Amino acid sequence: MQIHTTVPVSDVAGAGTLFRELEAAGYDGASTFETNHDPFIPLALAARETTSLHLGTAVAIAFARNPMNVAQIGFDLQLLSRGRFTLGLGSQIRPHIQRRYSMPWSHPAARMREFVLAVRAIWDAWDGGGPLDFRGEFYTHTLMTPVFNPGPHHYGRARIGVGGVGPRMLEVAASVGDTVMLHPFNSRASLEQQALPAVERGLRSAGRERGEIEVMAVCLIVTGATGPELDAAVAVARSQLAFYASTPDDLLESIAVVGRRDEIAAGVTARVAGVADIVSLECTRLPDAAHFADIVAALKSRPV
């Protein structure tokens, strides 16, 4: 199992150093997310400062953009990273798309499916697969003159990941994505009873096999070296989960992996074994100065 993380980038200029530290801590991959900074610029800096760390967005907001500019960003970051980039896309929710981004909102699952297919059609045209002629319900791309065509990619095209919460978006993610990015607001039971069946339905609808995609499960990590540190981490995690829903104490431990640092690797393994190909350790509101390097090492020493 690959070990990834998603990190806040408060210092954009220092992103290269941050991602170099994550690589040294033993992570296989690290992603940005879209909040108060652009998710792509830090990865351009990270690409120059790392050599093996897989880089991605988890997630960038698709509906704030259009398939053409996303295709170009994905092409360029795949080039800068020398083939190590995953374009992770998410939908956000209607108020943000309409009122924050002033962009259209309708049929999000169908729109996301078409968005991914449009990006791939653009990349197909650049790879020499024929003229650009994508005509969909939401997006149309029919013009690609030579001056705007970068040509086939030296490192091959980037992977596309799709984040989802509800069953319809997860079905879309499995039907057209390379990576299905599961939301952190999941328990082991909800992963098994709701998320994975949706993924399986999406695969069947597209005639795909499970081995054609990767599934990324995100685990909220709540830990500390001492009792007071753990108490403080629990308080922060409660506020984070309250962003998603009203969070009684018993729900906290169903969603997050909670415990002493030496208990976390076992807890993460129990949460995602047999479910995911990638686990992403998330503690964005209380980052660890050592990037949980001890937990990464413990996870890599465990059979999964």
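Computed from a predicted structure; not experimentally measured. One-based numbering along the sequence shown.
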Using a strict cut-off of less than 4.0 Å between a Lys/Arg side-chain nitrogen and an Asp/Glu carboxylate oxygen, indicate whether R260 and E263 qualify as a salt bridge.
-> yes
Charged N to carboxylate O under 4.0 angstrom, D28 versus K300?
-> yes
For the residue pair F185 and H183, categorise the inter-ring angle as parallel (less than 30°), tilted (30 to 60°) or perpendicular (more than 60°).
-> perpendicular
Is R238 salt-bridged to D231, going by a charged N under 4.0 Å from an acidic O?
-> no
Say whether, by atom type as modelled, one donor and one acceptor occur between the side chain of H4 and the main chain of Y27 under 3.5 angstrom.
-> no
Salt bridge between E200 and R210, side-chain N to carboxylate O under 4.0 Å?
-> no
Lys/Arg-Asp/Glu bridge criterion (N-O < 4.0 Å) met for D288, R261 = yes
Do any N or O atoms from the side chain of S175 and from the backbone of E171 form a donor-acceptor pair under 3.5 angstrom?
-> yes
Would you confirm whether Q2, through its side chain, and D277, through its main-chain N or O, come within 3.5 Å as a donor-acceptor pair?
-> no
Any idea how F115 and Y139 line up, ring-wise: parallel (<30°), tilted (30 to 60°), or perpendicular (>60°)?
-> perpendicular
Is the number of heavy atoms from other residues, nucleotides or ligands under 6.0 Å of R168 CZ greater than 12?
-> no
Measure from the side-chain N and O atoms of D124 to the backbone N and O of G129, and report whether any donor-acceptor pair falls under 3.5 Å.
-> no
Could you state whether F33 and I3 fall into the same hydrophobic cluster, counting links through intermediate Ile, Leu, Val, Met, Phe, Trp or Tyr residues with side-chain heavy atoms under 4.5 angstrom apart?
-> no
So, H54 and T86: side-chain donor and acceptor under 3.5 Å apart, yes or no?
-> yes
Would you please classify the geometry between the W105 ring and the F63 ring as parallel, tilted or perpendicular, with 30° and 60° separating the classes?
-> perpendicular
